Amino acid sequence: MPMYELFCIAVHNPQSSVNLRSLINSLSNQVHTSGGVVRDLKNLGINLTLPQRIRRMRQYHSRGDHFTMTFDTSPIVLRRLDETLRRDPSIIRWTVLKKADKVKDLAKPLNPSIEFDEISERSY
């Protein structure tokens with residue numbers, strides 16, 4: 001299964017964080033029930049000021065709660081997650097990035113543009 005990373009900005013609720021918890025629980029349950037795995041969940045900030053006022057579902061938002069979720073799932077489940085986020089009024093913005101086709105692809109070393117042996121052989 002491919003590995004994805006979801007970056008999400010949710011509406012800030014000053015009274016409680018129950019809405020944010022229930023949103024994260026529902027997203028992670030969708031991944032788990034389809035056989036996927038949630039690998040990482042990070043809180044990037046609560047009640048952060050947005051860079052600009054954002055309109056979503058006929059409301060303007062200037063503050064939001066930011067989080068990321070890294071998970072493995074199939075592309076079909078990813079479409080369902082996208083539809084869930086699209087219909088949810090507590091979501092301001094989101095984006096999903098594909099990190100790798102398989103987890104072992106993440107561990108492969110990148111080929112540098114300059115070989116380090118060439119640099120050490122030069123005399124200055």
Side-chain angles (χ1 to χ4, degrees):
M1 279 189 258
M3 179 184 262
Y4 298 100
E5 184 172 20
L6 167 73
F7 175 76
C8 189
I9 303 173
V11 174
H12 177 68
N13 185 354
Q15 282 77 29
S16 73
S17 62
V18 174
N19 293 343
L20 185 60
R21 281 191 209 132
S22 64
L23 169 68
I24 292 171
N25 282 338
S26 68
L27 292 174
S28 61
N29 284 338
Q30 271 190 308
V31 172
H32 285 292
T33 56
S34 65
V37 177
V38 176
R39 298 207 175 265
D40 191 21
L41 186 62
K42 290 181 185 173
N43 178 7
L44 300 179
I46 302 293
N47 196 20
L48 296 177
T49 304
L50 300 175
Q52 62 188 17
R53 192 173 68 156
I54 299 174
R55 184 173 181 212
R56 171 93 170 117
M57 292 194 176
R58 298 183 187 150
Q59 291 181 344
Y60 287 98
H61 304 281
S62 59
R63 304 187 80 67
D65 301 335
H66 298 66
F67 69 93
T68 62
M69 184 169 78
T70 305
F71 56 95
D72 298 339
T73 191
S74 67
I76 296 167
V77 176
L78 186 65
R79 276 188 236 118
R80 275 191 278 157
L81 274 175
D82 193 50
E83 287 300 317
T84 301
L85 293 168
R86 189 178 312 282
R87 281 185 261 128
D88 195 341
S90 66
I91 301 296
I92 300 172
R93 285 275 164 90
W94 75 95
T95 188
V96 178
L97 303 172
K98 185 175 182 180
K99 292 185 87 172
D101 284 325
K102 297 178 184 172
V103 177
K104 65 181 180 181
D105 292 343
L106 288 175
K108 289 183 181 176
L110 298 175
N111 294 330
S113 59
I114 299 174
E115 294 295 326
F116 293 108
D117 295 335
E118 294 174 12
I119 296 173
S120 61
E121 292 174 1
R122 294 180 188 169
S123 60
Y124 294 97

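All of these numbers come straight from a predicted model, not from anything done at the bench.
For the atom pair Leu6 CG and Asp40 CG, the distance stands at 12.0 Å (nearest 0.5 Å). The distance from atom NE2 of His12 to atom CG of Leu50, rounded to the nearest 0.5 Å, is 11.5 Å. From Met69, atom CE reaches atom CG of Leu23 across 9.0 Å, with rounding to the nearest 0.5 Å. Here Arg39 contributes atom CZ and Asp72 contributes atom CG; the two are 4.0 Å apart, rounded to the nearest 0.5 Å. For the atom pair CE of Met57 and CG of Asp88, the computed distance is 7.0 Å after rounding to the nearest 0.5 Å. The NZ atom of Lys99 sits 4.5 Å away from the CD atom of Glu5 when rounded to the nearest 0.5 Å.
Side-chain contact between Leu81 and Leu27 is present, with heavy atoms from C-beta onward closer than 4.5 Å. No side-chain heavy atom of Val11 sits under 4.5 Å from any side-chain heavy atom of Asn19.
Smallest separation of non-hydrogen atoms from Ser28 and Asn25: OG-O, 3.1 Å. Taking every heavy atom of both residues into account, Gln30 and Thr33 meet most closely at O-OG1, 3.2 Å. Between Ser34 and Thr73, the shortest heavy-atom distance links the atoms OG-OG1, 3.8 Å. Residue Tyr60 comes nearest to Arg53 through the heavy atom pair CD2-NE, 3.5 Å, listed as atom of the first residue, atom of the second, then distance. When all heavy atoms of Ile9 and Gly64 are compared, the closest pair comes out as CG2-CA, 4.2 Å.
Residues Met1 and Phe71 do not share a hydrophobic cluster, defined by chaining ILVMFWY side chains whose heavy atoms lie under 4.5 Å apart. Residues Leu20 and Leu48 fall into different hydrophobic clusters, defined by Ile, Leu, Val, Met, Phe, Trp and Tyr side chains chained together at heavy-atom separations under 4.5 Å. Residues Phe7 and Val77 fall into different hydrophobic clusters, defined by Ile, Leu, Val, Met, Phe, Trp and Tyr side chains chained together at heavy-atom separations under 4.5 Å. In the hydrophobic clustering of this structure, Leu78 groups with Phe67; members are Ile, Leu, Val, Met, Phe, Trp, Tyr whose side-chain heavy atoms approach within less than 4.5 Å, directly or through other members. Val31 and Val96 fall within a single hydrophobic cluster, where Ile, Leu, Val, Met, Phe, Trp and Tyr are joined by side-chain heavy atoms under 4.5 Å apart, directly or via other members.
Counting only distance, with no hydrogens or angles, the side chain of Arg56 and the backbone of Arg93 share no donor-acceptor pair below 3.5 Å. At distances below 3.5 Å, at least one donor-acceptor pair connects side-chain atoms of Asp65 with backbone N or O atoms of Asn47.
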Practice task
Take Trp94 and Asp82 through the test side chain to side chain contact (heavy atoms under 4.5 Å, CB included) and record every step on the way to the result.
Solution key: CA-CA 9 Å; Trp94 75 95; Asp82 193 50; 2.8 Å; yes
